[in-house]
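Worksheet: the structure to be examined is printed underneath.
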Amino acid sequence: MAEERTEAGRNGSRGALAAFGALALVASVAGAAWWSGFVPDRTLVQPRLEEPAVGALLPLDSFIANLADEDGRRYLKATLQVEFFGARVPDEFNARVPQMRDLMLTLLTSKLFAEIRTPEGKAVLRDDIINRMNRALNKDVVKAVYFTEFIVQ
C-alpha cells in the first residue's frame with residue numbers, strides 16, 4: 001500500500017505540474033496577444049462633453065475705418081460676428097468688448113485696399129482678427145469670425 005501512495009503522489013504532482021504549465025502557456029499567449037494589440041484594453045468609458053458644432057455667436061456693432069491707402073479716400077464698413085469654442089460667450093470677452101473693438105479698428109486702419117479686396121485677403125484679415133483677439137485674452141476662445149457686411153468705398 002505504501003507503494004501505491006507514492007505512485008499516486010507522483011501522478012498527482014505530474015498532473016499539477018502539467019496544469020501549471022498549461023496555465024502558464026495560456027497566460028503567456030494572452031499576454032503576448034495583449035502586448036501586440038490583438039486584445040483591446042478594457043478601460044472605463046469616460047463620458048465626454050461634446051463641443052457644440054456651432055459655438056456661441058456674438059454680433060459686434062459695425063466698424064467704419066479709413067484704409068491706409070496713400071490718398072486716404074477709401075474707407076471700410078464691416079460688420080462681423082465672433083464665434084466661440086464654447087456654447088456661451090466667455091465672460092472675459094464680454095468684459096473686454098471695448099478693447100476688442102479697439103484692436104479691430106487699429107487692424108482695419110492698417111490695411112490697404114489691395115490687401116483686403118480679394119477673398120484671400122479677407123481670409124487673412126479673419127485670421128488676423130482671431131489671432132489678435134485670442135492673444136488679448138491670453139487663451140484660445142475665439143473660433144471664427146464671420147463678416148456679415150463688408151463694404152469698401
Task: Closest non-hydrogen atom pair, Ser110 against Glu115 - done: O-OE1, 4.1 Å
Open item on the list: Please give me the minimum heavy-atom distance between Pro59 and Gln81, naming the atom from each residue.
Closed with: CA-CG, 3.7 Å
Open item on the list: For Glu149, is the CD atom crowded, meaning more than 12 foreign heavy atoms sit under 6.0 Å from it?
Closed with: yes
TODO: To the nearest 0.5 angstrom, please state how far the CG atom of Asn94 sits from the CE atom of Met100.
DONE: 10.5 Å
TODO: Taking all heavy atoms of Ala87 and all of Ala56, pick out the closest pair and write down the distance.
DONE: O-CB, 3.5 Å
- [ ] Can you establish whether the number of heavy atoms outside Tyr75 located under 6.0 Å from its atom OH is more than 12?
- [x] no
TODO: Look up atom NZ in Lys111 and atom CG in Leu76, then write down how far apart they are to the nearest 0.5 Å.
DONE: 11.5 Å
TODO: Cation-pi check, Arg126 to Phe147: give yes when NZ or CZ is under 6.0 Å from the six-membered ring centre and within 45° of the ring axis, no otherwise.
DONE: no
- [ ] Could you tell me the separation between the NZ atom of Lys143 and the CD atom of Glu83, rounded to the nearest 0.5 Å?
- [x] 4.5 Å
Open item on the list: I need the minimum non-hydrogen distance between Leu125 and Phe150, along with the two atoms involved.
Closed with: CD2-CE1, 3.9 Å
- [ ] Check whether Val152 and Met104 end up in the same hydrophobic cluster, where Ile, Leu, Val, Met, Phe, Trp and Tyr are linked by side-chain heavy atoms less than 4.5 Å apart.
- [x] yes
Task: Nearest heavy atoms of Val82 and Val142, plus distance in Å - done: CG1-CG1, 3.6 Å
Open item on the list: Using every non-hydrogen atom in the two residues, find where Ile130 and Ala144 come nearest and quote the distance to one decimal.
Closed with: CD1-CA, 3.7 Å
TODO: Give a yes or no on whether the backbone of Leu60 and the side-chain of Arg101 come within a donor-acceptor separation of less than 3.5 Å.
DONE: no
- [ ] Using a strict 4.0 Å threshold on nitrogen-to-oxygen distance, state whether Asp71 and Arg74 make a salt bridge.
- [x] no
Task: Rounded distance [0.5 Å steps], CD1 in Ile151 versus CD1 in Ile64 - done: 9.0 Å
Task: Connected via hydrophobic side-chain network under 4.5 Å: Phe85 and Leu137 - done: no
Task: Donor-acceptor pair, side chain of Thr79 and main chain of Thr148, under 3.5 angstrom - done: no
TODO: Spell out, yes or no, whether Leu105 and Leu67 are grouped together once hydrophobic residues are joined by side-chain heavy atoms under 4.5 Å, including indirect joins.
DONE: yes
Open item on the list: Donor-acceptor pair, distance only, cut-off 3.5 Å: does the side chain of Asn134 make one with the backbone of Val141?
Closed with: yes
- [ ] Assess whether atom CZ of Arg117 is packed by more than 12 heavy atoms of other residues, nucleotides or ligands within 6.0 Å.
- [x] no
Task: Arg132 side, atom CZ; Asp128 side, atom CG - distance, nearest 0.5 Å - done: 6.5 Å
- [ ] Starting at CZ of Phe113, measure out to CG of Asp69 and round the result to the nearest 0.5 Å.
- [x] 8.0 Å
Task: Val89 with Tyr146, same ILVMFWY side-chain cluster at under 4.5 Å - done: no
